[in-house]
Every structure is written in structure tokens, then in C-alpha cells.
Amino acid sequence: CFNGGSNNATVIDAAEGKAVGTVAFSGKPEFAVSDERGRFFVNLEDKSEVNVIDVKTLKVTAKWPIAPGDEPTGLAIDTKNNRLFIASGNKKMIVMDSTNGKVVADLPSGSGTDGAEFDPGTGFAFSPNGEGTLTVIHEDGKDKFSVVENVKTEPRARTMALDTSTHKVYLPTA
């Protein structure tokens, strides 16, 4: 559980339902993804960086800047190709190597984003934007990415869910 006010996260053992520790951050945590190999990646919105967490020690092992991105919100991962997709507040989708923190691409997206998803079955990454668009990016190769289109959506539809079995994107809005 992220604790934005105290810049940390409470770690809960899902089997026991008990808190087992706390991870401290140097800024406000916004979103997290796992590489399924013992590391979590957390974007810090106010620091414009991604923190790498070792799940065994519950310690931050690396801090990676997302420049030229700024104020990261959504975060998604391609575990096969070790790529993080970071939706940022300055109308960019940053693609980062999850093994070393190197930014390998920055692509234009819309404004007002708050989410990100990656579909391993299609190779598409998504950035829902509050302005009323969904930026669709395709992973053409390990370090080659292209914006496929900006799909018109309802304004303020800036968070999302992705069903990877049907490849459907869901965008709630008020």
C-alpha cells in the first residue's frame, strides 16, 4: 500500500494478510510494477524518477531519472524485453530499460495522463489522456517504438484497465 503523505509503502504478506515491512522512498510514490524476478519498480511523481526495490530486502537499490519525461504517473512493463513504459505529465511516454535505467525512447502522448498498460500479446503500450485521447504505441523491436494513433475517448478518461486475454482496454470516466 502506497502512503503518499509519508513517502513510503507498507508491504503486506498476501497469504497471511499481515504487514511485513515498509519501503521508504525519497518522494511521492505513484505506481508500481514487478519484473516477476524479485524487483519492483515504483515511479516517484514529484522526483521524476523510478525507484528499483529488492523484494527480499525491501530496500531501494537504484534511482533512475526519467528525463526527458517529467512527473511520472502511469507505469507498465514488458517483462520479456525488459522495458518500462512510463506515462509522464509533460505529454511523453518514456521507454526505459528495466535492467539498467537507460531511457531508450521518448514518444509523444496526450496531456492529463494518469495510467499506462502494456499488452504482451499485441506489443501495444497505452497512455490514457484526460484530454480525451488514448495514445497507442507499438513495440516494433526491442529498442524501436512508434505511435500508432491517438484514439478519441471521453474527456477525463485518464485511468485504465487492460484485459490481456481479450486485448480490450477499459477507460472509466465521470
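Keep in mind that what you see is a predicted model, and the values were worked out from it rather than measured.
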What verdict does the side-chain contact (heavy atoms from CB on, under 4.5 Å) test give for L84 and L75, after you've listed the backbone C-alpha separation in whole Å, the side-chain angles of each residue and the deciding distance to 0.1 Å?
CA-CA 7 Å; L84 296 172; L75 180 62; 4.3 Å; yes

Taking atom CG of L134 and atom CD of E149, what is their separation to the nearest 0.5 Å?
8.5 Å

Just verifying a value: how many Å separate K47 NZ and I66 CD1, rounded to the nearest 0.5 Å?
13.5 Å

Any side-chain to backbone donor/acceptor pair from N43 onto T73? Under 3.5 Å, distance only.
yes

Point-to-point distance, once rounded to the nearest 0.5 Å, from CG of D119 to CD of E139:
11.0 Å

Salt bridge present between D54 and K59 (N-O < 4.0 angstrom):
no

Checking the side chain of S146 only, and the main-chain atoms of V148 only, is there a donor and an acceptor separated by less than 3.5 Å?
no

Please say yes or no: joined through hydrophobic side-chain contacts below 4.5 Å, possibly via intermediate residues, are F31 and I77 part of one cluster?
yes

Do F41 and V11 sit in one hydrophobic cluster, given that two such residues count as connected whenever their side-chain heavy atoms are within less than 4.5 Å of each other, even indirectly?
no

What is the distance from atom CH2 of W64 to atom CG of L44, rounded to the nearest 0.5 Å?
13.0 Å

side-chain contact (heavy atoms from CB on, under 4.5 Å) for Y170 and L162? Distances and angles first, verdict last.
CA-CA 6 Å; Y170 298 91; L162 170 69; over 6 Å; no

Would F40 and V33 satisfy side-chain contact (heavy atoms from CB on, under 4.5 Å), going step by step from the backbone distance to the final call?
CA-CA 6 Å; F40 264 87; V33 293; 6.0 Å; no

Any residue meeting side chain to side chain contact (heavy atoms under 4.5 Å, CB included) with F2, in chain and number order, not counting sequence neighbours
A9, F25, P29, A32, V42

Distance-only, no hydrogens or angles: does the T133 side chain make a donor-acceptor pair with backbone N or O of T135 under 3.5 Å?
no

Whether the side chain of N90 engages the backbone of P68 through a donor-acceptor N/O pair (distance < 3.5 Å, no angle test) should be reported.
yes

Carefully, step by step, assess M93 and F145 under the rule side-chain contact (heavy atoms from CB on, under 4.5 Å).
CA-CA 10 Å; M93 170 77 80; F145 304 87; over 6 Å; no

Go through the steps for D143 and R83 under the test salt bridge (Lys or Arg N to Asp or Glu O under 4.0 Å), then give the verdict.
CA-CA 9 Å; D143 288 329; R83 295 295 178 256; 2.6 Å; yes

Checking N129 side chain against G132 main chain: does a donor-acceptor pair fall under 3.5 Å?
no

Donor-acceptor check, side chain of D46 to backbone of G27, threshold 3.5 angstrom: yes or no?
no

Can you tell me if T153 uses its side chain to pair, donor with acceptor, with the backbone of A157 under 3.5 Å?
no

N/O donor-acceptor pair under 3.5 Å between D78 side chain and N82 backbone
no

When rounded to the nearest 0.5 Å, the distance separating CG of D106 from NZ of K91 is 14.5 Å

Can you find a side-chain donor-acceptor pair between S127 and T113 that sits under 3.5 Å?
yes

If you group Ile, Leu, Val, Met, Phe, Trp and Tyr by side-chain heavy-atom gaps below 4.5 Å, do F124 and F118 land in one group?
no

Is there a donor-acceptor contact under 3.5 Å linking the side chains of D114 and T159?
no

One should read off an interatomic distance between S109 OG and F85 CZ, to the nearest 0.5 angstrom, of 13.0 Å

Is it the case that the side chain of E131 and the backbone of S111 share a donor-acceptor pair, with hydrogens and angles ignored and the cut-off at 3.5 Å?
yes

With clusters defined by side-chain heavy atoms of hydrophobic residues (ILVMFWY) lying less than 4.5 Å apart, directly or transitively, does I86 cluster with I137?
no

Taking E71's backbone N and O only, do any of them form a donor-acceptor pair with S48's side chain (distance below 3.5 Å, no angle check)?
yes

